Amino acid sequence: MGWIAFAGFMMVMLGMFQVLEGIISLANDQYFPGAADRMVLHLGYTTWGWLHLVGGAVVVVAGVGVFAGQTWARVVGTVVAVVSAHLNLVFLAAYPIWSTLMIGLAVVVVMALTVHGSEIKAGT
């Protein structure tokens with residue numbers, strides 16, 4: 001149960017970080033040091049803000065579902081963590097250190113949910 005609890009906790013925490021990043025991007029598009037046109041996808045920071053805000057909210061809900069032992073939450077959590085890693089890869093030019101940390105933590109969450117996911121049913 002340790003890895004599943006870790007995955008659920010990390011999902012809630014990372015989702016909150018994504019929501020915070022989205023709010024910052026929506027409130028002040030000059031906050032990030034990189035220019036939006038330097039990123040792989042040429043989207044404005046307002047668009048990125050909404051993507052991070054909605055994606056983060058989905059991750060938080062899935063994280064709470066993982067704590068509750070829901071199989072759908074493990075599936076959604078895995079998919080959303082992979083998508084989050086990809087979004088942060090694209091966002092790398094805007095905020096390199098933060099994006100790298102988010103990618104690494106998303107990979108750990110995917111590992112915890114896929115490798116240790118059956119532990120939740122076994123109760124071990």
Side-chain angles (χ1 to χ4, degrees):
M1 291 293 284
W3 277 104
I4 295 302
F6 171 78
F9 175 76
M10 291 304 293
M11 287 173 66
V12 170
M13 188 175 73
L14 291 173
M16 290 177 164
F17 286 160
Q18 292 285 70
V19 167
L20 181 63
E21 192 173 9
I23 291 170
I24 290 170
S25 184
L26 288 171
N28 181 8
D29 61 354
Q30 302 299 318
Y31 177 79
F32 298 104
D37 61 351
R38 288 184 37 218
M39 291 189 280
V40 176
L41 292 176
H42 300 288
L43 302 174
Y45 282 121
T46 302
T47 305
W48 282 111
W50 283 110
L51 286 172
H52 284 291
L53 190 67
V54 171
V58 171
V59 172
V60 169
V61 170
V64 171
V66 167
F67 278 127
Q70 301 296 319
T71 303
W72 66 265
R74 284 182 36 226
V75 173
V76 169
T78 302
V79 170
V80 171
V82 169
V83 170
S84 174
H86 283 92
L87 281 176
N88 279 291
L89 180 65
V90 174
F91 202 67
L92 200 61
Y95 221 47
I97 294 173
W98 180 259
S99 292
T100 303
L101 288 171
M102 295 296 279
I103 291 167
L105 290 172
V107 169
V108 172
V109 166
V110 169
M111 189 270 311
L113 290 175
T114 56
V115 174
H116 301 283
S118 61
E119 294 173 5
I120 196 86
K121 289 185 180 180
T124 59

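Index from 1, following the sequence. Note that the structure is a prediction, hence the values are computed from the model and not measured.
- Follow the hydrophobic side-chain contacts under 4.5 Å out from Val83 and you reach Met10 in the same cluster.
- Cluster annotation: Leu89 and Ile97 are assigned to distinct hydrophobic clusters (Ile/Leu/Val/Met/Phe/Trp/Tyr, side-chain heavy-atom contacts under 4.5 Å, transitive).
- In this structure, Trp50 has no side chain to side chain donor-acceptor pair (under 3.5 Å) partners at least two apart in sequence or on a different chain.
- The OG1 atom of Thr47 lies 9.0 Å from the CG atom of Leu26; values are rounded to the nearest 0.5 Å.
- Hydrophobic clustering, with ILVMFWY side chains joined whenever heavy atoms are under 4.5 angstrom apart, keeps Val115 apart from Val75.
- Shown here for Val12 and Phe67, the closest heavy-atom pair between the two residues is CG2-CE1, 4.2 Å.
- No continuous path of hydrophobic side-chain contacts links Val82 to Val76 [ILVMFWY only; heavy atoms under 4.5 Å].
- Annotation: the span from Met11 atom CE to Phe6 atom CZ amounts to 12.0 Å, rounded to 0.5 Å.
- Shortest non-hydrogen contact noted between Ser84 and Gln18 is OG-NE2, 3.4 Å.
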Distance-only criterion, 3.5 Å: show the donor-acceptor pairs between side-chain atoms of residues 99-113 and protein atoms not counting sequence neighbours.
from	atom 1	to	atom 2	distance (Å)
Ser99	OG	Tyr95	O	3.0
Thr100	OG1	Pro96	O	2.7

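- Note on Ile4: it clusters hydrophobically with Met13, by side-chain heavy-atom contacts below 4.5 Å among ILVMFWY residues.
- Within the 3.5 Å criterion, the main-chain N or O of Arg74 finds a donor-acceptor partner in the side chain of Thr78.
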> Does the pair Val19 and His52 meet the rule for a side chain to side chain contact (heavy atoms under 4.5 Å, CB included), with working shown?
Replying inline: CA-CA 6 Å; Val19 167; His52 284 291; over 6 Å; no
